[in-house]
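Here's the structure, in structure tokens; my notes come after.
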Amino acid sequence: MRIGELSRRTGIPTRLLRYYEEQGLLTPVRLANGYRDYADRLVDRVEQIRGLLDAGLPTRVIREVLPCTDNPCTITVTDASDELVGLLEAERDKMDARIECLARNRDAIAAYLRQVEAARKR
DNA sequence: ATTCTTACA
DNA sequence: TGTAAGAA
């Protein structure tokens with residue numbers, strides 16, 4: 001499929017799909033006319049990338065972790081560099097911190113909503 | 001009509 | 001990330 005269809009199927013603007021390619025996150029083949037040709041399986045890949053990006057991981061880290069997700073993860077475990085491990089540990093900690101922050105805000109909002117509900121019944 | 005590249009806000 | 005210009 002060409003970039004337009006992939007964009008429709010993933011909800012990601014074509015601008016970003018080209019950007020992901022530039023960052024080495026996607027590697028579509030080229031048609032004779034120069035148009036990018038994306039394999040169907042790349043739809044999942046794009047969703048994968050979105051998830052990681054939304055989680056706050058920088059593209060340089062995703063670039064190294066992604067190949068680990070679609071291939072049999074045997075060789076990847078072997079060549080996990082100390083640097084990558086450190087990067088991922090740092091990302092994990094950031095995620096933990098954000099989860100805690102979100103949980104607090106969620107609880108605060110939930111409490112507020114309960115108050116609103118109680119007030120309406122009276 | 002679609003996509004491509006490059007460049008700028 | 002969004003948008004624009006010019007070419008294919």
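Numbered from 1 within each chain, the chains take letters A, B, ... in sequence-line order. Given the structure is predicted, the values throughout are model-derived calculations rather than measurements.
Under the 4.5 Å side-chain criterion, counting only non-hydrogen atoms from C-beta, A/R9 is in contact with A/D40. Under the 4.5 Å side-chain criterion, counting only non-hydrogen atoms from C-beta, A/D93 is in contact with A/D96. The side-chain heavy atoms of A/R36 and A/L6, taken from C-beta on, include no pair separated by under 4.5 Å.
The pair A/E91-A/R60 fails the salt-bridge criterion, with no side-chain N (NZ, NE, NH1 or NH2) lying under 4.0 Å from an Asp/Glu carboxylate O.
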List the atom pairs, with distances to 0.1 Å, where a side-chain N or O of residues 23-32 of chain A and a protein N or O form a donor-acceptor pair under 3.5 Å, not counting sequence neighbours.
| from | atom 1 | to | atom 2 | distance (Å) |
| --- | --- | --- | --- | --- |
| A/R30 | NH1 | A/G34 | O | 2.9 |

> When every nucleotide of nucleotides 1-6 of chain B is labelled 5' to 3' by its protein contacts under 4.0 Å (heavy atoms), B for base, S for sugar-phosphate only, - for none, what sequence of letters results?
Replying inline: -BSSB-
